[in-house]
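Note sheet for the following structure.
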Amino acid sequence: MPVMQPTPDDITLRGINYESDDGTAFDGFELTSDVSTFDGRSVGVLFLHGLRGFALGAGISPVANPLARAGARCLTINKRNSGKGYVTSEFDEIDNDIRGGVEWLTERGCDDVVLWGRSLGATEAAYYQGLRNDDAVDGLVLAAPFADIREQSTRGYFEAVSDNPDEAYESFVDEARELVDAGRENEIVALPRPVGGEIEYIPMTAAAFLSYRSPESACATVDWVPEIDVPSLLLPHASDRNVTPEEATEIADAYPDSTPVTVHPVEADHFFTGAESEVAGVTADFLRSL
């Protein structure tokens with residue numbers, strides 16, 4: 001896990017509050033520098049963290065800092081699924097929080113807005129734009145993207161606990177559905193996930209599990225990119241315990257032919273450790289191309 005570093009002296013880090021599209025109050029951080037425009041344009045980048053992360057969690061600030069230094073206004077937000085909020089959140093409500101972040105940037109004069117999501121955040125970005133086709137959004141960056149968290153990735157978790165992972169997954173889904181049907185939707189279930197040769201258990205309510213991980217969930221990047229009509233940059237990584245670079249190819253192939261899509265593989269882990277400068281540089285090039 002990458003270690004958090006102090007904010008560089010030339011970066012201004014400011015806590016902010018914003019309101020989601022359904023009126024819920026959240027907070028986050030703005031990162032800027034003395035450079036006020038990005039190549040003469042007012043550009044905002046909205047960063048969306050990954051699973052159980054936070055606004056300034058791993059893999060965010062090392063990419064945001066160079067972009068802020070180049071003149072972009074970077075906003076990284078806490079959402080209803082940040083940290084322990086993931087346990088009780090529902091995926092199909094996350095577009096409200098993203099809209100709140102987009103509005104925060106546009107209200108501060110950003111003419112160009114890009115969504116930059118890592119891991120689960122990449123799926124959230126695709127979900128948001130595929131669902132809403134927000135005219136205020138000019139591009140997407142999907143970093144370390146899962147093609148289908150809903151089934152493809154979650155089914156794989158059960159390989160660590162069963163000789164028949166498909167059957168084990170389907171049984172887990174059925175048990176969660178039974179809890180919801182019985183009015184026990186807030187009861188905690190423990191989702192197994194292989195980590196470094198061992199198994200960790202992710203606590204979620206039955207309702208939250210179904211929202212993110214069941215066959216009927218909306219949490220699949222490949223379901224939403226066919227509706228996206230803004231340029232997109234995909235940044236798969238070379239090594240990871242859960243998601244492979246091939247998933248980025250699957251995602252790219254799902255885009256409509258009319259939408260420009262660039263895939264730039266990065267030789268790094270899921271957090272782009274040691275390759276953050278490359279990721280920031282490729283992102284900056286993408287911003288210049290819009």
Side-chain angles (χ1 to χ4, degrees), residues 1-2 45-53 57-64 66-67 76 91 98 114-130 137 139-157 159 193-196 212-213 218-257 259-290:
M1 180 73 68
V45 182
L46 177 59
F47 284 86
L48 307 173
H49 63 69
L51 175 67
R52 295 183 293 176
I60 298 291
S61 56
V63 176
L67 296 177
T76 176
F91 177 79
I98 297 173
V114 169
L115 306 182
W116 194 105
R118 192 191 67 76
S119 192
L120 173 60
T123 297
E124 293 171 352
Y127 169 63
Y128 176 81
Q129 194 61 17
V137 173
L140 303 181
V141 179
L142 309 183
F146 286 86
D148 182 356
I149 293 175
R150 175 190 57 200
E151 286 194 86
Q152 183 172 304
S153 298
T154 304
R155 282 180 184 270
Y157 290 178
E159 293 176 2
R193 183 172 76 157
V195 179
Y212 284 88
R213 306 278 184 169
C219 193
T221 309
V222 290
D223 280 1
W224 297 104
V225 294
E227 308 301 322
I228 294 172
D229 60 1
V230 296
S232 298
L233 169 65
L234 276 57
L235 298 171
H237 45 81
S239 61
D240 188 81
R241 61 178 180 252
N242 291 321
V243 58
T244 65
E246 288 73 25
E247 292 189 53
T249 301
E250 184 180 350
I251 295 167
D253 290 343
Y255 270 88
D257 291 339
T259 302
V261 180
T262 302
V263 181
H264 182 97
V266 179
E267 292 293 326
D269 62 14
H270 192 57
F271 297 94
F272 302 111
T273 308
E276 296 94 342
S277 294
E278 178 185 353
V279 172
V282 174
T283 301
D285 290 341
F286 175 70
L287 297 180
R288 293 185 185 98
S289 72
L290 297 177

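Note: hydrogens, waters and symmetry copies are ignored here, and every other heavy atom, side chains too, is used. Small disclaimer: the values here were computed from a predicted structure and weren't measured.
Side-chain N or O atoms of Arg118 include one that pairs as donor or acceptor with a backbone N or O of His270 at under 3.5 Å. The closest donor-acceptor contact from the side chain of Ser119 to the backbone of Ala144 lies at 3.5 Å or more, if one exists at all.
With contacts defined as side-chain heavy-atom distances shorter than 4.5 Å, the pair Ile149/Arg213 qualifies. Residues Val263 and Thr249 are not in side-chain contact: their nearest non-hydrogen atoms beyond the backbone lie 4.5 Å or more apart. Side-chain contact between Leu120 and Cys219 is present, with at least one heavy-atom pair separated by less than 4.5 Å. With contacts defined as side-chain heavy-atom distances shorter than 4.5 Å, the pair Pro194/Tyr157 qualifies. Residues Tyr128 and Val137 form a side-chain contact, since some pair of their non-hydrogen atoms from C-beta on lies under 4.5 Å apart. Residues Val63 and Trp116 have side chains in contact (heavy-atom distance under 4.5 Å, counting atoms from C-beta outward).
Phe146 and Ser153 make their closest contact through CD2-OG, 3.1 Å (heavy atoms, listed as atom of the first residue, atom of the second, distance). Of all heavy-atom pairs between Ala252 and Val261, the closest is CB-CG1, 4.1 Å. Pro226 and Ala254 get closest at one heavy-atom pair: CG-O, 3.4 Å. Across Pro145 and Ile251, no two heavy atoms sit closer than the pair CB-CD1, 3.6 Å. Here the closest heavy-atom approach between residue Ile60 and residue His49 is recorded as CD1-CA, 4.2 Å.
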Margin query: Run the side-chain contact (heavy atoms from CB on, under 4.5 Å) test on Leu67 and Phe47 for me, step by step, so that the C-alpha distance in whole Å, both residues' side-chain angles and the decisive distance to 0.1 Å come before the verdict.
Written below: CA-CA 12 Å; Leu67 296 177; Phe47 284 86; 3.9 Å; yes
Next item on the list: For side-chain contact (heavy atoms from CB on, under 4.5 Å), just list the numbers for Leu140 and Val225, CA-CA rounded to whole Å, side-chain angles, deciding distance to a tenth of an Å, and then say yes or no.
Entry: CA-CA 10 Å; Leu140 303 181; Val225 294; over 6 Å; no
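For Val282, the side-chain contact (heavy atoms from CB on, under 4.5 Å) partners are Leu233, Leu235, His264, Glu278, not counting sequence neighbours. Legend: residues meeting side chain to side chain donor-acceptor pair (under 3.5 Å) with Asp285, ordered by chain and number and at least two apart, are Arg288. Considering only residues two or more places apart in sequence or on other chains, Tyr127 meets the ring pair (Phe, Tyr, Trp, His ring centres under 6.0 Å) condition with Phe91, Trp224. Residues meeting the side chain to side chain donor-acceptor pair (under 3.5 Å) test with Thr76, sequence neighbours left out: none. Looking at residues two or more places apart in sequence or on another chain, you find no side-chain contact (heavy atoms from CB on, under 4.5 Å) involving Glu227. Not counting sequence neighbours, the partners of Pro256 by the side-chain contact (heavy atoms from CB on, under 4.5 Å) test are Ser258, Thr259. Every residue meeting the side chain to side chain donor-acceptor pair (under 3.5 Å) condition with Tyr212, not counting sequence neighbours, appears here in chain and number order: Asn81, Ser89. Judged as a side-chain contact (heavy atoms from CB on, under 4.5 Å), and not counting sequence neighbours, the contacts of Pro62 are Glu276.
Here Glu247 contributes atom CD and Leu234 contributes atom CG; the two are 11.0 Å apart, rounded to the nearest 0.5 Å. One finds the OG1 atom of Thr273 at 10.5 Å from the NE2 atom of His237 (value rounded to the nearest 0.5 Å). To the nearest 0.5 Å, atom CD1 of residue Ile98 and atom CG of residue Leu48 are 5.0 Å apart.
Sequence neighbours left out, the pairs with a member in residues 141-154 that pass salt bridge (charged side-chain N to carboxylate O under 4.0 Å, His left out) are Asp148-Arg150, Arg150-Asp223, Glu151-Arg155.
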